[in-house]
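Just so it is clear, the structure is predicted and the values come from calculations on it, not from any experiment. The figures that follow rest on heavy atoms only: side chains count, while hydrogens, waters and symmetry mates do not.
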Amino acid sequence: MEKFKSFIIDKGQLTEQEFELLSNKFRIKEINKGQTLLQKGDVCRNAFFVEKGLLKMYSINEHGVKNIIQFAPEDWIVMDRGSAYFNEPTEYFIDAIESSIVVQISEDFMGSAAELNPKFRRFNEILLQNHIRHLQKRISLLIGSSAEVRYLDFIKLYPNLTQRVPQWMIASYLGVAPESLSRVRKELYLKSKK
């Protein structure tokens with residue numbers, strides 16, 4: 001849990017004592033590859049901070065196709081904020097791409113931390129605004145950018161995932177067919193050789 005503790009203390013500016021006071025609001029979990037943490041119809045009650053491993057958040061459309069919304073490698077947090085905040089059933093799944101170690105954070109952790117330390121409230125606000133910014137950029141890329149631009153943005157956002165994630169998952173995240181992604185990767189490789 002060292003990465004989570006460092007994240008909360010260094011970036012969230014909680015003290016060691018405040019962190020310990022909140023220790024009943026999170027717990028460490030070992031997750032097997034393929035294990036599901038959240039499934040459609042559940043109400044999201046936890047966020048998941050990835051200590052080690054890799055998670056994905058996705059939906060399944062009416063044709064049974066998985067649409068990947070987010071990857072969560074080490075030091076990332078993943079949850080369905082809408083389900084948690086509005087206490088509504090989720091449309092999403094969260095599961096492990098790799099065997100992982102996650103910190104399961106209860107839904108009231110952020111509020112309790114903000115009550116203990118006003119600096120944490122500002123940190124949480126920045127996290128939320130950053131999340132919104134990334135979602136808006138992603139929507140803009142999906143509706144208005146080429147597959148190549150989307151792939152280059154993926155590499156920038158997730159620089160270490162191209163070797164850890166199957167190509168079909170990357171294609172799903174980008175909203176393109178796997179064959180289109182193969183073509184983009186080949187074209188980028190050829191450009192790099194010129």
Side-chain angles (χ1 to χ4, degrees), residues 1-16 18-19 21-23 25-27 37-38 40 42-59 67-95 97 100 102-145 149-161 165 169-170 172-175:
M1 190 179 321
E2 288 307 310
K3 288 182 179 185
F4 176 66
K5 185 176 182 180
S6 175
F7 178 77
I8 295 299
I9 290 175
D10 296 345
K11 294 183 179 176
Q13 299 184 48
L14 288 184
T15 66
E16 292 261 353
E18 290 165 339
F19 183 82
L21 285 171
L22 296 167
S23 64
K25 298 195 182 298
F26 53 84
R27 67 185 179 104
L37 295 168
L38 180 72
K40 183 178 180 176
D42 292 346
V43 174
C44 186
R45 301 277 184 222
N46 300 290
F48 302 97
F49 177 91
V50 181
E51 279 281 323
K52 181 176 186 259
L54 180 59
L55 307 179
K56 70 179 182 298
M57 180 175 175
Y58 60 96
S59 63
N67 296 301
I68 297 178
I69 308 300
Q70 178 185 350
F71 293 102
E74 291 82 4
D75 299 329
W76 282 59
I77 296 174
V78 62
M79 71 180 295
D80 179 354
R81 289 177 177 271
S83 173
Y85 188 80
F86 294 105
N87 197 36
E88 297 175 347
T90 185
E91 293 293 316
Y92 302 106
F93 297 81
I94 297 174
D95 64 33
I97 297 172
S100 301
V102 301
V103 179
Q104 181 177 304
I105 309 161
S106 71
E107 60 187 325
D108 64 336
F109 173 83
M110 296 299 202
S112 297
E115 286 177 19
L116 279 175
N117 187 328
K119 291 177 185 175
F120 190 86
R121 179 177 291 113
R122 177 69 181 137
F123 166 70
N124 190 36
E125 185 179 306
I126 290 168
L127 281 180
L128 180 58
Q129 295 301 327
N130 194 43
H131 180 70
I132 293 167
R133 179 179 63 157
H134 282 292
L135 288 176
Q136 288 174 328
K137 181 178 181 186
R138 177 124 192 269
I139 291 167
S140 180
L141 286 168
L142 285 170
I143 62 175
S145 296
V149 169
R150 283 183 260 164
Y151 181 65
L152 291 171
D153 186 73
F154 171 84
I155 292 170
K156 185 177 175 184
L157 183 61
Y158 298 114
N160 302 313
L161 290 194
V165 176
M169 287 186 191
I170 297 172
S172 171
Y173 176 86
L174 298 175

Heavy-atom closest contact ([X] atom, [Y] atom, distance):
X: N117; Y: K119; result: OD1-N, 2.8 Å
X: R138; Y: L174; result: NH2-N, 4.5 Å
X: S83; Y: C44; result: OG-N, 2.8 Å
X: S106; Y: D108; result: OG-OD1, 2.6 Å

Legend entry - Cation-pi, Y173 ring and R150 (6.0 angstrom, 45 degrees):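 The answer is no; the distance or angle limit is not met.
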Could you tell me whether the side chain of [Y] reaches within less than 4.5 Å of the side chain of [X], counting heavy atoms only?
X: D75; Y: F7; result: no
X: Y58; Y: D95; result: yes
X: R81; Y: L128; result: yes
X: L55; Y: M57; result: no
X: F26; Y: Q104; result: no
X: P73; Y: N160; result: no
X: I132; Y: K137; result: no

How long is the gap from [atom1] on [X] to [atom2] on [Y], to the nearest 0.5 Å?
X: L14; Y: I9; atom1: CG; atom2: CD1; value: 7.0 Å
X: L157; Y: L141; atom1: CG; atom2: CG; value: 10.0 Å
X: M79; Y: L37; atom1: CE; atom2: CG; value: 12.5 Å

Inset, instruction - Would you please indicate yes or no on a ring centroid separation below 6.0 angstrom for F120 and F19? - result: no
Inset, instruction - Using atom types as modelled and distance alone, determine if a side-chain donor or acceptor of E51 lies under 3.5 Å from a backbone N or O of F4. - result: yes
State which residues pass side chain to side chain contact (heavy atoms under 4.5 Å, CB included) with [X]; sequence neighbours excluded, sorted by chain then number.
X: L152; result: E148, L188
X: L116; result: E18, L21, L22
X: M169; result: K56, I68, F71, I97, V165, P166

Legend entry - Residues, nucleotides or ligands: over 12 heavy atoms within 6.0 Å of K52 NZ: no
Inset, instruction - May I ask you to check whether over 12 heavy atoms, not counting those of Y92, lie within 6.0 Å of atom OH? - result: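 Counting other residues, nucleotides and ligands, OH of Y92 stays at 12 neighbours or fewer.
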Inset, instruction - Can you label the angle between the F154 ring and the Y151 ring as parallel, tilted or perpendicular, going by 30° and 60°? - result: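 Plane angle under 30°, so parallel.
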Legend entry - Option from F48, F49, Y158 for which ring pair (Phe, Tyr, Trp, His ring centres under 6.0 Å) with W76 holds: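 Result: among F48, F49, Y158, Y158 is the only option passing the ring pair (Phe, Tyr, Trp, His ring centres under 6.0 Å) with W76.
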Inset, instruction - Apply the side chain to side chain donor-acceptor pair (under 3.5 Å) test between E125 and each candidate in Q129, R122, R121; give the one that qualifies. - result: R122
